[in-house]
Every structure is written in structure tokens, then in C-alpha cells.
Amino acid sequence: MLNIVIFGAPGSGKGTQSARIVEKYGLNHISTGDVLRAEIKNGTELGKTAKSYIDNGQLIPDALMIDILASVFDSFKDSKGVIFDGFPRTIAQAEALKEMLKARGQEVSVMLDLEVPEDELMTRLIKRGQESGRADDNEETIKKRLVVYHSQTAPLIDWYKKDGKYCHIQGLGTMEGIFADICAAIDKL
Ligand code: ATP
Ligand code: MG
């Protein structure tokens, strides 16, 4: 199985590039953000809990996220591989992912870190908020999310470097150019 972690700050293009990877390599896609937004839309208990964190730019608690992730992963049958988009976002989540995959005879193949400068992230997310109306894409919440990214999520860069899975991808440029770099990294595996 090809198990790819797509990583990067909010607005770095994880969702956009994941869709292309899924299409080209025939993988299953887990976007934790999409899972949570679907729960919110359906008005479930989980959705209500998630909304209070998301609207505040905070992360959903690890224990909850880890359970959700495992149940989505186990719903895939005869999978060629999975792209993890938006997970892990904390060291605890990375450790849990490693354990979960190990228990299933699997491992992360590569972690692709989409690096994008902060001013470009702000521009993209404000534009997305105006076009899609995503409630957390407003200036105040974006700033909080970036703080959370730097304090809780960015430490995963060193974690994956130590684990030997890290791959840097320049996240600035055309969508096609970035995708070509991603494919080159995957095809080397
Ligand atoms: P991108 O624009 O690159 O796709 P994003 O950060 O804008 O990324 P999502 O990945 O959709 O957006 O996540 C939206 C929100 O959902 C996060 O700000 C967070 O509150 C919550 N969330 C998503 N994944 C996790 C996770 N693994 N752990 C905790 N909270 C999460
Ligand atoms: Mg996304």
C-alpha cells in the first residue's frame, strides 16, 4: 500500500493536490477537515463538538480525531493506499497513526510537506472564505489557525525527518507544476 501524508499549513493546497493524487494513483482519500464539515452539516453530536473548536481556530482533541481516523481507514476495503490530508496535526496524532498502521502491517510511505509563505496563505484563505463562505476562513480565525499550526503542527516536520519519511515540496507555483513535483517524489518510492 502507498500511504501518503500530505502536510502543510492551512491553505497550503493539501485538498487540491490530494484530489489529483487520488485520481492518478487510485488511492483512498481521508480529509479530516471534510469529515468534520460533513458531520457539522448533518448536525450530529460529533459535528456540534467539532464546530466549537473549528470556529475558534483550534484543533479537535486528539483522542476524538484518532478514533475517527481509524474508523474511516478501516472502512476502505482492498485499498491500493490512502492519502492522509489534514492528519496528523499533532505529535500525538503522528504517533497514533504510526501505531495504527503498524497494527495493520502498514506504514507511512512518505510525508509530503507543501511549503507556502505566510502572506500567500493569508491571501488564499481570505479569497476562499469570500468564495466558499467557509466559516473558519475569516481573517481573525485564519490568524489563530496559523498560530496553532506553528505551535502544534509544524513540529511534525522534524518528527517525520527523524522517521526518515520527510519530503519537501515547494508549494508556490502553478497547480500543475506542484503536482509534477509531487508525482516525481511518489514515483521515486
Ligand atoms: P487546507 O486548506 O490545506 O486543505 P485547512 O487547515 O484549511 O487545510 P482542514 O484540513 O479542512 O483545513 O481543517 C479545518 C479544521 O478542522 C482545522 O482548523 C481543525 O479545527 C479541524 N481539524 C481538521 N483535521 C484535524 C486534526 N487532524 N486534528 C484536529 N483538528 C482537526
Ligand atoms: Mg483541506
Side-chain angles (χ1 to χ4, degrees), residues 3-22 29-42 44 46-73 82-101 108 111-118 120-157 159-160 169-172 175 178-179 182:
N3 294 307
I4 299 173
V5 171
I6 190 147
F7 182 87
S12 56
K14 299 184 290 287
T16 307
Q17 296 298 336
S18 292
R20 291 170 178 248
I21 299 168
V22 163
H29 181 205
I30 304 182
S31 160
T32 46
D34 288 350
V35 169
L36 297 170
R37 282 186 289 277
E39 295 286 335
I40 293 173
K41 201 170 156 229
N42 293 330
T44 64
L46 170 59
K48 283 175 200 157
T49 307
K51 186 170 165 45
S52 63
Y53 291 98
I54 291 176
D55 286 353
N56 215 359
Q58 302 302 308
L59 299 181
I60 276 71
D62 284 332
L64 189 55
M65 267 336 291
I66 290 164
D67 279 355
I68 295 170
L69 199 274
S71 79
V72 178
F73 184 85
V82 174
I83 176 136
F84 296 92
D85 164 7
F87 189 102
R89 261 177 156 91
T90 62
I91 302 268
Q93 290 181 14
E95 284 168 350
L97 177 62
K98 187 167 178 152
E99 283 305 305
M100 186 201 81
L101 290 175
V108 165
M111 183 267 220
L112 303 171
D113 175 22
L114 281 174
E115 200 197 7
V116 176
E118 196 115 342
E120 170 72 9
L121 295 172
M122 282 299 294
T123 309
R124 287 185 192 178
L125 291 169
I126 287 170
K127 184 160 171 267
R128 186 170 77 184
Q130 286 161 352
E131 287 167 358
S132 76
R134 221 176 98 169
D136 57 342
D137 285 341
N138 64 76
E139 196 165 342
E140 193 193 335
T141 312
I142 295 165
K143 282 186 179 146
K144 285 189 197 163
R145 285 156 63 202
L146 289 172
V147 170
V148 167
Y149 171 77
H150 288 295
S151 64
Q152 300 191 56
T153 306
L156 287 175
I157 293 172
W159 195 91
Y160 277 104
I169 301 283
Q170 165 70 261
L172 204 57
M175 284 190 228
I178 298 163
F179 185 57
I182 289 176

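Atom set for the values below is all heavy atoms of this structure, side chains included, hydrogens, waters and symmetry mates excluded. None of these values were measured; they are calculated from a predicted model. Just so you know, ligand 1 is whichever comes first in the structure, and atom 1 is the first atom listed for that ligand.
For ligand 1 and Gln93, the ligand atoms under 4.0 Å from any heavy atom of the residue are 26 (C), 27 (N), 28 (N), 29 (C). Against a heavy-atom cut-off of under 4.0 Å, Gly33 is close to the following atoms of ligand 1: 9 (P), 11 (O), 13 (O), 23 (C). Ligand-side atoms of ligand 1 in range of Pro10: 5 (P), 6 (O), 7 (O), 8 (O), range being under 4.0 angstrom from any heavy atom. Taking every non-hydrogen atom of Gln58 and a distance limit under 4.0 Å, the qualifying atoms of ligand 1 come out as 19 (C), 20 (O). Near Ser12, the atoms of ligand 1 lying under 4.0 angstrom from a non-hydrogen atom of the residue are 3 (O). Every atom of ligand 1 is numbered from 1 in the order shown, and the set under 4.0 Å from a heavy atom of Thr32 is 23 (C), 24 (N), 25 (C), 27 (N). Of all atoms in ligand 1, listed by their number and element, those nearer than 4.0 Å to a heavy atom of Gly11 are 1 (P), 2 (O), 3 (O), 7 (O), 8 (O). When each atom of ligand 1 is checked for a heavy atom of Arg128 under 4.0 Å away, the hits are 2 (O), 7 (O).
Considering only non-hydrogen atoms, atom 15 (C) of ligand 1 lies nearest to Ile54 out of Leu36, Ile40, Ile54, Thr16. Here atom 17 (C) of ligand 1 lies nearest to Arg89 when heavy atoms of Arg124, Arg89, Arg145 are compared.
When only non-hydrogen protein atoms are considered, atom 3 (O) of ligand 1 lies nearest to Lys14 NZ, 2.7 Å. Residue, atom and distance of the protein heavy atom nearest to atom 12 (O) of ligand 1 are Arg134 NH2, 3.1 Å. Closest to atom 4 (O) of ligand 1, if we only count protein heavy atoms, is Gly15 N, 3.8 Å.
Distances from ligand 1 to the non-hydrogen atoms of Phe87 include at least one value under 4.0 Å. Contact between Gly13 and ligand 1 is present, with at least one heavy atom of the residue lying under 4.0 Å from the ligand. Within the 4.0 Å heavy-atom shell around ligand 1 one finds Ala9.
Comment: Arg145 engages Asp137 in a salt bridge, judged by a side-chain N to carboxylate O separation of less than 4.0 angstrom.
The aromatic rings of Phe84 and Phe73 sit parallel, their planes meeting at an angle under 30°, below the 60° perpendicular limit.
No donor-acceptor contact under 3.5 angstrom links the side chains of Thr90 and Gln152, judged on distance only.
In this structure, Val5 and Leu97 have side chains that are in contact, with non-hydrogen atoms separated by less than 4.5 Å.
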